[in-house]
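One-based numbering along the sequence shown. Indexing begins at 1, ligand by ligand and atom by atom, following the structure's order.
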Amino acid sequence: MKRIKIKELLASPEIESDVLVKGWVRTKRGNKNIAFIALNDGSTINNIQVVADTAKFDENLLKDITTGSCLSVSGKLIESQGQGQNIEIHAESIELYGKSDAETYPLQKKGHSMEFLREIAHLRPRTNTFGAVFRIRHAIAFAIHKYFNDKGFFYLHTPIITGSNAEGAGELFHVTTMDLANIPHNKDGSVDFNNDFFGKPANLTVSGQLEGELGALALSDIYTFGPTFRAENSNTPRHLAEFWMVEPEMAFYDNNDNMDLAEDFVKYLIRYALENCKDDLDFLNSIIDKGLLERLNFVLGNEFIRMTYTDAIKILIDSGKKWEYPISWGKDLQAEHERYLVEEHFKKPVILTDYPKDIKAFYMKQNDDGKTVRAMDVLFPGIGEIIGGSQREENYDALLSRIKELNLPEKDLWWYLETRKFGTAPHSGFGLGFERMIIFITGIPNIRDVIPFPRTPKNAEF
Ligand code: ATP
Ligand code: MN
């Protein structure tokens with residue numbers, strides 16, 4: 001007999017048919033005559049109830065079926081008399097694949113803190129909450145590819161290891177094969193990379209954007225979706241050292257087209273989750289965050305506010321609020337400012353544009369005022385910045401003078417500059433932090449709990 005996944009079984013049950021299911025025991029209860037086993041195989045948040053007549057099975061086998069153990073069960077599918085389920089399996093044979101010591105299995109019935117579960121990241125996918133989160137994470141990853149594929153964008157694989165250190169976003173993780181106890185130095189004291197693997201300094205990418213631009217200036221519309229790495233020592237609920245970023249880059253888009261795409265894209269992802277992850281979202285709405293579904297629908301039903309950084313600064317100053325980080329024109333917004341705008345002032349997602357050039361990256365398109373650049377950040381309730389993007393500077397002279405002004409390594413950027421020499425074009429793009437989107441869609445408050453194995457300062461376990 002072929003195994004059937006529990007999701008499929010519950011979706012289209014054929015009463016009286018013989019079925020084979022496999023999974024992990026969530027609970028077992030019962031009495032001398034009968035045992036009720038709730039089995040889950042991760043295909044859905046819902047369990048299937050297995051009913052075992054104790055007379056039919058070896059007493060020791062039944063004793064070994066405890067929470068966490070793994071079973072293969074065949075039997076007849078029956079309409080259930082009991083409450084809480086419509087169908088159940090009347091077991092005819094049970095094979096115990098793996099016992100689970102009841103004394104030491106850490107996932108007992110209820111009430112584990114998220115902090116504790118982080119310490120058992122090897123087992124936490126077996127909880128309802130993490131099962132739901134990881135299924136939703138998968139669905140959204142799939143939806144990202146679907147969205148862009150349907151729009152004629154090409155998935156471009158930008159490198160994970162790069163030799164360019166120009167972005168200035170966060171701190172870098174170095175990549176080397178040098179013996180750390182014995183690093184060769186040049187006469188002037190600097191590190192001699194000549195004999196290192198790449199013959200020059202290399203690092204893990206902080207963003208695929210620069211290479212993504214090269215793709216857009218040939219294929220028109222591309223996106224990257226891959227891991228990015230930042231050694232920033234920010235111990236916040238919104239920062240990881242290893243996170244996934246989605247970065248579309250589009251030729252012939254100005255910053256307004258860019259914002260239109262960003263808004264349409266995040267709404268598509270939210271709608272996709274509502275339509276395809278109903279059971280998991282209902283569960284999270286009841287257990288994690290009672291306002292979740294309402295918030296998702298609210299964002300879907302409202303246009304995002306669009307305003308300039310300069311106007312936003314006025315609102316923040318006029319609010320008369322006491323900020324932990326005092327705000328004035330020229331300063332970068334902190335999460336407290338972003339969240340005030342979104343959660344208290346507008347009560348809607350906000351897209352801020354035209355930031356001061358000094359707090360944004362060198363590649364952003366310079367405005368005529370000489371002070372601001374055509375940046376756009378999308379700010380979300382509960383999160384703050386979820387997307388950062390801009391129109392890119394496509395003018396060779398303007399780009400080169402900005403690179404010089406900032407003392408960036410012009411030599412290392414020769415390839416980037418050449419695209420402005422040979423058939424340059426207006427273009428734009430943005431980066432969506434994938435985990436921040438998953439935080440928003442699941443209502444899980446901490447970014448460490450929406451990625452299977454989080455990497456944060458002092459933590460690379462598992
Ligand atoms: P923040 O100010 O929140 O640190 P950033 O300005 O450094 O963000 P960008 O460099 O614009 O962010 O990156 C694009 C997107 O990537 C951000 O909007 C955010 O969603 C996500 N992101 C940035 N840094 C992290 C991180 N350390 N962990 C998870 N997601 C991140
Ligand atoms: Mn940052």
Engineer: Just let me know how Ile387 lines up against ligand 1, side chain, backbone, both or neither, with a heavy-atom cut-off below 4.0 Å.
Structural biologist: backbone

Engineer: Could you tell me whether Lys146 and Asp150 make a salt bridge, using a distance below 4.0 angstrom between a side-chain N and a carboxylate O?
Structural biologist: yes

Engineer: Identify which of Glu385, Arg455, Glu338 has a heavy atom lying nearest to atom 11 (O) of ligand 1.
Structural biologist: Glu385

Engineer: Check this for me, if you would: do Asp354 and Lys371 make a salt bridge, where the nitrogen-to-carboxylate-oxygen distance has to be below 4.0 angstrom?
Structural biologist: no

Engineer: Is there any N or O on Met245 that sits under 3.5 Å from an N or O of ligand 1?
Structural biologist: no

Engineer: Measure centre to centre between the rings of Phe265 and Tyr147, then say whether the value is under 6.0 Å.
Structural biologist: yes

Engineer: Go through ligand 1 atom by atom and flag the ones less than 4.0 Å from a non-hydrogen atom of Glu232.
Structural biologist: 24 (N), 26 (C), 27 (N)

Engineer: If the threshold is 4.0 Å, N to carboxylate O, is there a salt bridge linking Asp264 and Lys267?
Structural biologist: no

Engineer: Can you find a non-hydrogen atom of Met437 under 4.0 Å from ligand 1?
Structural biologist: no

Engineer: Going by side-chain hydrogen bond (donor to acceptor under 3.5 Å, both in side chains), name the residues that satisfy it together with Asp397, two or more places apart in sequence or in a different chain.
Structural biologist: none

Engineer: Just which atoms of ligand 1 are under 4.0 Å from any heavy atom in Arg238?
Structural biologist: 28 (N), 29 (C)

Engineer: Hey, is ligand 1 close enough to Phe243 that some N/O pair sits below 3.5 Å?
Structural biologist: no

Engineer: So among Glu385, Glu435, Arg436, which one has a side chain to side chain contact (heavy atoms under 4.5 Å, CB included) with Arg238?
Structural biologist: Arg436

Engineer: Are the charged groups of Arg374 and Asp254 less than 4.0 angstrom apart, N to O?
Structural biologist: no

Engineer: Can you figure out which of Arg230, Glu435, Gln209, His239 has its heavy atom closest to atom 10 (O) of ligand 1?
Structural biologist: Arg230

Engineer: Under 4.0 Å from a heavy atom of Gly431: which atoms of ligand 1 are those, numbered in the order shown and with their elements?
Structural biologist: 14 (C), 15 (C)

Engineer: Just which atoms of ligand 1 are under 4.0 Å from any heavy atom in Ile447?
Structural biologist: 29 (C)

